[in-house]
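The structure under discussion appears below in the form of structure tokens.
First listed ligand is number 1; within each ligand, the first listed atom is number 1. Bear in mind the structure is a predicted one, so any value in this text is a computation, not a measurement.
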Amino acid sequence: MSKVTIVGAGNVGATAANVLAHKDLVKEVVILDIKGDFAQGKALDSYQQASVDGFSTRLTGTSDYADTANSDIVVITAGIPRKPGMSRDDLISTNAKIVTMVTRSIMEHSKNPIIIVVSNPLDVMTYAAYKASGLPKSRVFGMAGILDTARYRAFLSMALDVSSKDIQAMLLGGHGDTMVPLPRYTTVSGIPVTELIGEEELEAIVQRTKKGGGELVKLMGTSAWYAPGAAAAQMVAAILRDEQRIFPCCAFLEGEYGQDGIFLGVPVKLGKDGISELLELKLNEAEMKLMHDSADAVRDVLEVYKGMNV
Ligand SMILES: NC(=O)c1ccc[n+]([C@@H]2O[C@H](COP(=O)([O-])OP(=O)(O)OC[C@H]3O[C@@H](n4cnc5c(N)ncnc54)[C@H](O)[C@@H]3O)[C@@H](O)[C@H]2O)c1
């Protein structure tokens, strides 16, 4: 694979491109934005960093989809982010049109890309890209779970005073306040987290994780970008290296977890062809209920999207 396109040169897109370039895995990263000069500037600034940090990936910026031709992987970050007081779902009327238009334009120039959606509301925007692309479900999915587990792992690392490198965790459901962090699937170097932290403190961390995005929107006036950009780049890297890594990703469900026709966060295996396997965990009753509640919340937004006829 030799070409990755990132659509949206804003906070998340530019960060994803920069982190990816530092991994030095791909010949060319194209950053496309409706503001072409802005995209060119971000790409040029990032590429000048190559001389300092030592990577060979070429970054270019554009507003012309012809420059994205024959992309192997496309990351869509185009759209508006939240402002304080907004939920991710409030973004739908603007971002559904943008993500649909972007996907159609990408498909005019690339035959069989893998598309990773980042724009919010994530689960429904991934659905919109899936529909607009006509690609198989293994090649269209969304980034949220890596970020949400990263937040969960960061909070646990701070509480336990251990490196977040040693914290393994899984999280399911939609990318919203109904997301489902799974303490039963959380370990610290193989030690069940419940052996290291009290129930109340763990529950407080789960709740903080669910609202982790909102916490940052409140602090910064816009949504986060370092961890989201790095998370998207990590997915791209797993594909480029054909790593078959297991990540929580937003994937299309057809009966799994009792859900059908909806994109939702679940564990998947990622490699050169996109999703090679979707893993179904043996959830207990309480976890399954939380998963269904989260699916219901995503389905409400999905209905709004379907009513828009974009
Ligand atoms: N999935 C996640 O976990 C996650 C995390 C953080 C942010 N997000 C979402 O990612 C999106 C981007 O966030 P951001 O902070 O980078 O926003 P931003 O405003 O910094 O950047 C968005 C960019 O999209 C561009 N854009 C708008 N319409 C476009 C179009 N039609 N074609 C091409 N480019 C277009 C804008 O010019 C802008 O540069 C938001 O929807 C945000 O909610 C998702």
Cluster question for you: counting only ILVMFWY and a side-chain heavy-atom cut-off of under 4.5 Å, with indirect links fine, are [X] and [Y] together?
| X | Y | result |
| --- | --- | --- |
| L279 | I146 | yes |
| W225 | I80 | no |
| M143 | L171 | no |
| V217 | L122 | no |
| F247 | V74 | yes |

What's the shortest distance from [atom] to any protein heavy atom, and which residue and atom give it?
| atom | result |
| --- | --- |
| atom 17 (O) of ligand 1 | P81 CG, 3.5 Å |
| atom 41 (O) of ligand 1 | I80 O, 2.9 Å |
| atom 1 (N) of ligand 1 | M143 O, 2.8 Å |
| atom 28 (N) of ligand 1 | I98 CD1, 3.5 Å |
| atom 11 (C) of ligand 1 | T77 O, 3.4 Å |
| atom 25 (C) of ligand 1 | D33 OD2, 3.2 Å |

With respect to [atom], which of [options] exhibits the smallest heavy-atom separation?
| atom | options | value |
| --- | --- | --- |
| atom 21 (O) of ligand 1 | G36, S119, A232, G10 | G10 |
| atom 22 (C) of ligand 1 | G79, P121, G8 | G79 |
| atom 15 (O) of ligand 1 | N11, V7, N95 | N11 |
| atom 33 (C) of ligand 1 | D148, I146, I34, V12 | I34 |
| atom 9 (C) of ligand 1 | D123, L122, T126, N120 | N120 |

[X] and ligand 1 - part of the residue with a heavy-atom distance under 4.0 Å:
| X | result |
| --- | --- |
| W225 | neither |
| A231 | neither |
| V118 | both |
| A78 | both |
| L147 | side chain |
| H175 | side chain |

Inset, instruction - Would you please classify the geometry between the Y130 ring and the F263 ring as parallel, tilted or perpendicular, with 30° and 60° separating the classes? - result: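 It falls in the perpendicular class, over 60°.
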Legend entry - Mutual orientation of the aromatic rings belonging to H22 and F55 [parallel < 30°, tilted 30-60°, perpendicular > 60°]: tilted
Quick check on contacts: which atoms of ligand 1 are under 4.0 angstrom from a heavy atom of [X]?
| X | value |
| --- | --- |
| A224 | 6 (C) |
| M101 | 31 (N) |
| L91 | 43 (O) |
| P228 | 5 (C), 6 (C) |
| F38 | 39 (O) |

Inset, instruction - Under the side chain to side chain donor-acceptor pair (under 3.5 Å) rule, what do H175 and D148 come out as? Steps first, then yes or no, please. - result: CA-CA 8 Å; H175 182 52; D148 295 327; 2.9 Å; yes
Inset, instruction - Please tell me if the side chains of L172 and L283 come closer than 4.5 Å, counting only heavy atoms from C-beta onward. - result: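 With C-beta onward as the side chain, the pair touches.
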Legend entry - N/O donor-acceptor pair under 3.5 Å between N95 side chain and G79 backbone: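 No; zero donor-acceptor contacts below 3.5 Å.
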Legend entry - Side-chain (T15) to main-chain (G229) donor-acceptor, under 3.5 angstrom: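 It does not hold such a pair.
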Inset, instruction - List the atom of P121, the atom of D89, and the distance in Å for their closest heavy-atom pair. - result: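 Distance-wise, the nearest heavy atoms are CB-OD1, 3.7 Å.
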Legend entry - contact_flag T222 ligand 1 heavy-atom lt 4.0 Å: no
Inset, instruction - Output yes when K272 and E243 qualify as a salt bridge under the 4.0 Å nitrogen-oxygen rule, no when they do not. - result: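 The answer is no: the pair does not qualify as a salt bridge.
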Inset, instruction - Check the side chains of R299 and Q259 for a donor-acceptor pair under 3.5 angstrom, ignoring hydrogens and angles. - result: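 Side chains of Q259 and R299: pair found under 3.5 Å.
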